[in-house]
Amino acid sequence: MPIPKVVTTRRQLKEAIAFIGDREEFAFDVETSGEHRGVPALNRVTWISLASRGGTTVIPMGHPNGYQTISKATRRKDRATGKFIPVPAVFSPPPDQLTPAEVFQELQPLFFSGRTKIAHNAVFDLVSVAKYFGQIPPPPYGDSIVAAWLIDENRPALGLKPLVEARYGLRYDQEGVGKRVEAHPFGTVADYAWMDAWTTWLLYTHLRPQITAAGLDGVWSLEMDVLEALLPMRAAGAPVDVAALERLRDDLRTRIVGAEAEVYRAAGRVFNLASNPQRQQVLYGPRPAGQGLKPKKTTKTGAASTDAQALSTYQGKNAVVDRLLEYQELSKILSTYVEGYLGNEESGKASRIYNGRIYPTFAQYGTVTGRFSSYDPNIQNWPRSDSDIGKAIRDIIEPPPGFALLVADYAQIELRILAHFAKEGALWQGFWDGLDAHVATASTIFGIAPEDVDRAARQIAKGMAYAILYGAGAQKLADMAHISLPKASHFMRVHERAFPEIYAYKDDLLRTARRRRPVPYIKTLLGRHRRLPDLRSHAEGLRKRAERQLVNSHIQGTNADITKLAMTRFDRTRLDGMQMLLTVHDEIAVLCPQEIAQEGAAVLYDAMAGPEMQLLSVPLTTDVKIVNRWSEAK
DNA sequence: CAATAGAGCGCT
DNA sequence: AAAGCGCTCTATTG
């Protein structure tokens, strides 16, 4: 029996499910509505479409519209004011539809079976439907966005529409139906949702064999396990102390008003502190209107830079500079981390806190190196705990009563990975001897005993380590370590003599990558690829850049492999009540019932650094802290 | 009005 | 001529 195209009756639903149920794997896609349509823990699913070999179906369950009956115009000009006013579309009543309860009850056997559930960005769709099932559908999973990313991590747009257009030359959403399905007619949305499931199926069946052909089955399996670990995280979100955030808002607002006034007083004029052209005038314009400072730095377009680095020369010497830097710090925190979450009526910012929780999205496909990215909100760039303001921000994560926060991070993991790849030498030995890596490096470079290494020497060594990782030049090192350029060059030469194995590793890696066809690439510890076409560029600047990216990707990507593996291990071994909250590249934070905090910490430790995680030829160590607030961890 | 670019800045 | 991100604001362009 063929599959019905649009399902509005129980009989059709049973037919559709019987058809899909005959298959081992199926793709699905949800359309969501409501205030929180982008938050899968809270949104309302108004359509679900299913596709598999030979058939695709779409199931509406609460679409509000029928046909569009009056005008196609979306806005009209007001005669009196000349402004545009939105015109609400007028629709006929929608057809009778099944309810979500009816639909998900029937879908239960399909989703809670051994069939492979495939979607494009599957975490979103799986968590969206999990609410209706009362639990998260089990693996196996497939994800066409992850597949496309593993095959080409450099692709700028991984969305379903760009991929479908690139592969099939097909464009089916010119009007942006998917952005707001409830604003479109029933038939339009039916076609749209149907296409989403169908194209997801097409893409997946096209891409999945390519994963195998490219030798990426290992990372694919890792990423599907990561996807599984992300589901409960995304479903639960992270609890936030709203009252503390509001107090912080009030405090910052007061301080900013003062800071702003002080800038104006010092400058002798009022201007827009956030406008670069105006800041340039005030700082670099001739006296008396401006401060007459000499620009120390230009932006990439050649303008006089007013960033903190450019102004640092005049710190303590010019009152406008000092006050401006203070203002800048406060206003960054307020707008990004406080009002960005609480919302702000005046500027029209929406709140990002729902039921006392934020729901950051961790995109496992969000970077070219294999790391996660985080957005809406980005929780990976919260200010560090070494300032009071940073502490206050981090501390808005509030464990519920009876819960502790476990915070674990890998110690110097990128340097350990570097030592592992270099296989031998002073860095490698230093990790085995349990030395502080930077102290050990300083001791080697300067030829002094470790106990004689002072802070300045350690700072230079640390700068050196990151210079190697990121491929910085002598100038950058000089800036970082606050030393002269000749000194920096000298230390870099000494470093090269003291750690020949590191430079041999880099050369080797470059050679291996260059030999690969058709495009040069590296493989991380767990087999992830990073392609760098520019490694063969004839433009020296591009080629050198690609060389730096290659070394960095090898190390950063291996770090991502290890952290992602640790997350999957944690997900499998976590005790009842434990919940992963967030991950910041080399760090994992977890909620744990207070009474099992010790056992929980041991489980987390083992997941991150237990015997099975000793994947490197140097020890991989982790520090797990049991705290009440995040800032206490550092 | 919406989208984009540029500058700037938070993090590992 | 330092790798990888996302967010906010202003100014400009469509």
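Here the C1' atom of nucleotide dG4(C) and the CG atom of Asn378(A) are 12 Å apart, to the nearest Å. The interatomic distance linking Tyr375(A) (OH) with dT8(C) (P) rounds to 15 Å, in whole Å. Tyr284(A) places its OH atom 13 Å from the P atom of dA7(B), with the value rounded to the nearest Å. Rounded to whole angstrom, the span from the CG atom of Leu334(A) across to the P atom of dC9(B) amounts to 17 Å. Atom CD of Gln549(A) is separated from atom C1' of dG4(C) by 10 Å (rounded to the nearest Å). As a whole-Å value, the separation of Glu414(A) CD from dC11(B) C1' is 13 Å. In this entry the distance linking CZ of Arg279(A) with C1' of dC9(B) reads 11 Å, nearest Å. Atom CZ in Arg416(A) sits roughly 16 Å away from atom C1' in dT12(B) (whole-Å rounding).
Remark: Lys564(A) qualifies as a cation-pi partner of Phe372(A) under the 6.0 Å distance and 45° angle criteria applied to the six-membered ring. The cationic atom of Arg394(A) (NZ for Lys, CZ for Arg) does not lie both less than 6.0 Å from the six-membered ring centre of Trp382(A) and within 45° of the ring axis. Geometric assessment of Arg530(A) against the ring of Tyr521(A) yields a negative cation-pi assignment under the 6.0 Å and 45° thresholds.
Salt bridge present: Arg253(A) and Glu339(A) bring a charged side-chain N and a carboxylate O closer than 4.0 Å. Looking at Arg514(A) and Glu547(A), a side-chain N of the basic residue comes within less than 4.0 Å of a carboxylate O on the acidic one, giving a salt bridge. Salt bridge absent: Asp409(A) and Lys625(A) never bring a charged side-chain N and a carboxylate O closer than 4.0 Å. Between Asp152(A) and Arg531(A) no salt bridge is recorded (no basic side-chain N to carboxylate O distance below 4.0 Å). For the pair Arg171(A) and Asp173(A), the salt-bridge criterion is not met [side-chain N within less than 4.0 Å of a carboxylate O]. No salt bridge links Arg357(A) with Glu398(A); every basic N to acidic carboxylate O contact stays at or beyond 4.0 Å.
When each of dA3(C), dT10(C), dG6(C) is scored by its nearest atom to the side-chain atoms of Ser373(A), the top-ranked nucleotide is dG6(C). For Asp376(A), taking side-chain heavy atoms from C-beta onward, the closest of the listed nucleotides dT8(C), dA1(C), dC7(C) is dC7(C). Residue Arg394(A) places its side chain closer to dT12(B) than to any other of dT12(B), dA3(C), dT8(C). Considering only the side chain of Thr336(A), dT8(C) comes nearest among dT8(C), dG4(C), dT10(C).
For residues 318-329 of chain A, proximity to DNA chain C is found at no residue, defined as any non-hydrogen atom under 4.0 angstrom from a strand atom. Listed by residue number, Thr299(A), Lys300(A), Thr301(A), Ser305(A), Thr306(A), Asp307(A), Ala308(A) are the residues of residues 297-315 of chain A with a heavy-atom contact under 4.0 Å to DNA chain B. Contacts between residues 379-391 of chain A and DNA chain B, defined by a heavy-atom separation below 4.0 Å, involve Gln380(A), Asn381(A), Trp382(A), Pro383(A), Arg384(A), listed by number.
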Query raised in the report: How far apart are the C-alpha atoms of Asn318(A) and Gln291(A), what are their side-chain angles, what is the distance that settles it, and do they pass the side-chain hydrogen bond (donor to acceptor under 3.5 Å, both in side chains) test?
Result: CA-CA 8 Å; Asn318(A) 180 287; Gln291(A) 296 297 304; 3.2 Å; yes
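Comparing the start and finish of the helix from dC1(B)-dG14(C) to dT12(B)-dA3(C), five pairs each, the helix axis swings through 10°, to the nearest 10 degrees.
Between Tyr503(A) and His495(A), the ring center distance clears the sub-6.0 Å criterion. For an aromatic pair to be called close, the ring centres must be under 6.0 Å apart, and Tyr505(A) with His554(A) satisfies this.
When Arg323(A), Arg269(A), Glu326(A) are each tested for a side-chain contact (heavy atoms from CB on, under 4.5 Å) with Val263(A), only one passes: Arg323(A).
For the side chain to side chain donor-acceptor pair (under 3.5 Å) condition, the pairs that include at least one residue of residues 383-393 of chain A, sequence neighbours left out, are Arg384(A)-Asp386(A).
Toward the 5' end of DNA chain C, the nearer of the two residues Ala467(A) and Gly340(A), judged by each one's closest nucleotide, is Ala467(A).
In this structure, Arg543(A) reaches neither bases nor backbone, as no heavy-atom distance under 4.0 Å exists between it and the strands shown.
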What protein N or O atoms touch nucleotides 11-14 of chain C N or O atoms at under 3.5 angstrom, if any, and at what distances?
residue, atom, partner, partner atom, Å
dA11(C), OP1, Ser275(A), OG, 2.7

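OP1 or OP2 of dG4(C) has not a single side-chain nitrogen or oxygen of Arg371(A) nearer than 4.0 Å.
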